[in-house]
Amino acid sequence: MKNIVILGASGSIGTQTLDIVRQHPEELHCVGISVGRNISWLREILSRQSFAYVCVQRREDAIQLQEEFVDPAFVFGEEGLVFLSTLDEIDTVVNGLVGFTGLAPTLSAIKAKKDIALANKETLVVAGELITRAAKEYGVSIHPIDSEHSAIFQCLQGNRIEDVEKLWITASGGSFRDKSREELKHVTVDQALIHPNWSMGAKITIDSATMVNKAFEVIEAHWLLDLPYEKIEALIHPESVIHSMVEYVDGSIMAQLGTPDMRLPIQYALIASRRYPIENHKRLDLKEIAKLHFGGLCPIQYPLFYRIIDEAKRGGNRSTVVNAANEIAVAAFLEGKILFLDIEEIVASTLDSVPYHTLENLEDYIRCDRESREVANGKIGG
Ligand code: MG
């Protein structure tokens with residue numbers, strides 16, 4: 001029996017994790033959950049399921065809920081997230097938070113020797129060096145909840161990482177894969193939020209359309225497997241049938257295929273020892289699909305992808321700056337304050353404005369994140 005907590009339980013990854021936990025009462029037990037401000041969702045789930053601990057964002061919500069429900073102990077805020085992530089009785093923290101917020105609880109969990117099932121890829125983008133160093137020091141495993149990295153972990157089974165020649169990370173191309181740069185000037189938020197293959201949260205769907213998500217996944221793979229950037233390549237694959245591939249030195253390429261269903265990577269991250277059927281999981285019908293297509297990532301169509309990878313190779317604060325600027329720009333786009341192509345403009349010019357320096361501890365990362373957000377915010381007004 002594995003005891004877990006889920007951070008970001010009301011989101012896309014969180015709700016699907018709860019579904020997997022429900023299907024395996026003999027393997028998994030959810031001790032606690034965190035939600036942000038989605039209190040109506042929380043009330044609904046607490047009416048039919050019990051947890052020992054629940055973390056909400058605001059103090060007033062915690063007090064109010066504690067009066068309504070006797071059962072779970074309510075905690076709140078950043079301290080609440082850290083409390084939940086370091087509970088004695090848990091083995092694994094499922095991090096389904098979005099953005100920089102996921103970093104501090106991940107680090108606390110690692111220091112409390114909890115394994116991490118990580119959907120919050122920004123944690124590794126922002127502070128891959130800090131997180132992987134800590135994971136090594138405290139003997140903690142990080143299991144990716146990202147379809148591409150789950151595919152890669154599955155393709156690595158029984159093989160040596162030293163024998164890997166290349167990781168091929170597949171990319172659907174996102175909402176605007178068939179649009180020209182000219183057409184991209186006037187696309188709307190609603191259009192950007194329709195992903196051709198996957199149903200996900202708003203932030204990651206926009207990141208998929210800008211290809212920032214794919215750049216982040218290259219960085220994530222670099223840190224998870226300690227492989228140089230030269231051995232990691234993104235590949236356009238519109239059908240999203242192959243979730244990623246590993247090419248070995250003998251020329252053999254291993255691929256993992258399936259329908260787009262995040263419950264599979266979630267289940268694999270939590271129970272890797274054996275395979276279980278998943279309820280209502282749509283099977284892949286290769287005869288129906290018949291053809292698969294592949295292509296390179298065009299640098300003219302996706303300039304930000306290449307800029308982010310170049311910056312990541314420099315190390316230091318570069319990816320931290322990228323993530324902060326991107327979070328600000330995506331939020332501004334979703335609020336209708338800027339146009340779609342302004343996202344890449346804001347990320348690029350924030351990178352130009354914030355000089356390179358190195359980062360050592362969590363406080364350095366937090367400071368760099370805050371300063372980069374201020375710079376990015378300044379560019380939105382002007
Ligand atoms: Mg992914």
Side-chain angles (χ1 to χ4, degrees), residues 8 10-14 36-38 57 95-103 119-127 146 171-177 179 181 184-196 198-220 234 301-309 311-312 317-354 365 368-382:
S10 62
S12 171
I13 293 296
R37 294 185 179 199
N38 202 344
Q57 196 174 341
N95 187 340
L97 297 169
V98 178
F100 186 83
T101 327
L103 174 59
N120 176 244
K121 70 189 84 187
E122 291 92 341
T123 284
L124 286 176
V125 172
V126 165
D146 200 342
S172 69
S175 323
F176 300 139
R177 61 191 182 196
K179 291 215 182 315
R181 292 287 291 178
L184 285 180
K185 284 181 183 167
H186 305 292
V187 291
T188 65
V189 173
D190 288 343
Q191 288 173 311
L193 286 176
I194 303 167
H195 193 280
W198 291 87
S199 157
M200 306 178 289
K203 200 241 171 196
I204 190 172
T205 305
I206 303 300
D207 285 348
S208 298
T210 56
M211 213 47 86
V212 165
N213 181 55
K214 210 46 60 179
F216 281 8
E217 289 179 349
V218 169
I219 298 172
E220 187 185 0
Q301 182 79 354
Y302 301 113
L304 194 52
F305 172 88
Y306 289 94
R307 175 78 193 263
I308 293 175
I309 301 301
E311 296 285 345
N317 65 342
R318 303 323 284 160
S319 298
T320 316
V321 177
V322 166
N323 180 70
N326 184 59
E327 283 190 32
I328 292 294
V330 170
F333 172 67
L334 287 171
E335 289 166 21
K337 290 181 187 162
I338 59 169
L339 295 172
F340 181 73
L341 286 180
D342 292 338
I343 298 174
E344 61 184 44
E345 196 57 45
I346 285 163
V347 174
S349 71
T350 305
L351 279 165
D352 294 338
S353 300
V354 181
Y365 285 91
C368 174
D369 173 71
R370 194 177 52 228
E371 288 169 2
S372 306
R373 279 168 196 269
E374 279 168 21
V375 172
N377 260 321
K379 293 179 189 293
I380 287 169

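The analysis underlying the following values was restricted to heavy atoms, covering all of them including side chains, and did not include hydrogens, waters or symmetry mates.
- The shortest heavy-atom contact between Ile219 and Leu124 is CG2-O, 4.2 Å.
- Ser208 contributes no side-chain N or O that, together with a main-chain N or O of Gly174, makes up a donor-acceptor pair within less than 3.5 Å.
- Annotation: side-chain hydrogen bond (donor to acceptor under 3.5 Å, both in side chains) contacts of Gln57 (sequence neighbours excluded): none.
- Annotation: the span from Lys379 atom NZ to Ser349 atom OG amounts to 3.5 Å, rounded to 0.5 Å.
- A distance of 12.5 Å separates OH of Tyr306 from CD1 of Ile308, quoted to the nearest 0.5 Å.
- Separating the OG atom in Ser319 from the CG atom in Leu351 is a distance of 9.0 Å, to the nearest 0.5 Å.
- Scanning for salt bridge (charged side-chain N to carboxylate O under 4.0 Å, His left out) contacts around Arg181 gives Glu344, with sequence neighbours left out.
- Here CG of Leu193 is found 6.0 Å from CG of Leu334. Values are rounded to the nearest 0.5 Å.
- Other residues, nucleotides and ligands place more than 12 heavy atoms under 6.0 Å from the CD atom of Gln191.
- Across all non-hydrogen atoms, the minimal contact from Leu97 to Gly102 is CD1-CA, 3.8 Å.
- No side-chain heavy atom of Thr210 sits under 4.5 Å from any side-chain heavy atom of Phe176.
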What verdict does the side-chain contact (heavy atoms from CB on, under 4.5 Å) test give for Val212 and Val330, after you've listed the backbone C-alpha separation in whole Å, the side-chain angles of each residue and the deciding distance to 0.1 Å? CA-CA 11 Å; Val212 165; Val330 170; over 6 Å; no
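- Among residues at least two apart or in separate chains, salt bridge (Lys or Arg N to Asp or Glu O under 4.0 Å) pairs with a member in residues 319-329 are Glu327-Arg373.
- With contacts defined as side-chain heavy-atom distances shorter than 4.5 Å, the pair Val187/Lys179 qualifies.
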Under the side-chain contact (heavy atoms from CB on, under 4.5 Å) criterion, do Val98 and Glu122 qualify, and how do the steps go? CA-CA 8 Å; Val98 178; Glu122 291 92 341; 4.2 Å; yes
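- Using a 3.5 Å distance cut-off with no hydrogens or angles, the side chains of Asn326 and Asp207 do pair a donor with an acceptor.
- When all heavy atoms of Gly173 and Met211 are compared, the pair lying nearest together is CA-CE, 3.7 Å.
- Residues forming a salt bridge (charged side-chain N to carboxylate O under 4.0 Å, His left out) with Arg307 (at least two apart in sequence, or on another chain): Glu311, Asp352.
- Nearest heavy atom pair, residue Ala329 against residue Ile346, reads CB-CG2, 4.0 Å.
- Interatomic distance, Ile13 CD1 to Ile204 CD1, rounded to the nearest 0.5 Å: 7.5 Å.
- In this view, Ser10 satisfies the side-chain hydrogen bond (donor to acceptor under 3.5 Å, both in side chains) rule with no residue, not counting sequence neighbours.
- A salt bridge is defined here as a Lys NZ or Arg NE, NH1 or NH2 lying under 4.0 Å from an Asp or Glu carboxylate O, and Glu220 with Lys214 fails to meet this definition.
- A ring-centre distance under 6.0 Å is not found for Tyr365 and Phe100.
- Separating the CZ atom in Phe216 from the CD1 atom in Ile309 is a distance of 9.5 Å, to the nearest 0.5 Å.
- A donor-acceptor pair under 3.5 Å is absent between the side-chain atoms of Tyr302 and the main chain of Ala209, judged by distance alone.
- The heavy-atom pair separating Cys368 from Val321 by the smallest distance is SG-CG2, 4.0 Å.
- A 4.5 Å side-chain heavy-atom check between Val347 and Leu304 finds at least one atom pair inside the cut-off.
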Worked verdict on Phe333 versus Leu339 for side-chain contact (heavy atoms from CB on, under 4.5 Å): CA-CA 6 Å; Phe333 172 67; Leu339 295 172; 5.8 Å; no
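- Asn213 meets the side-chain hydrogen bond (donor to acceptor under 3.5 Å, both in side chains) test with Lys121, Glu217; sequence neighbours excluded.
- Taking all atoms of both residues into account, the shortest heavy-atom contact from Ala234 to Phe305 is CB-CZ, 3.8 Å.
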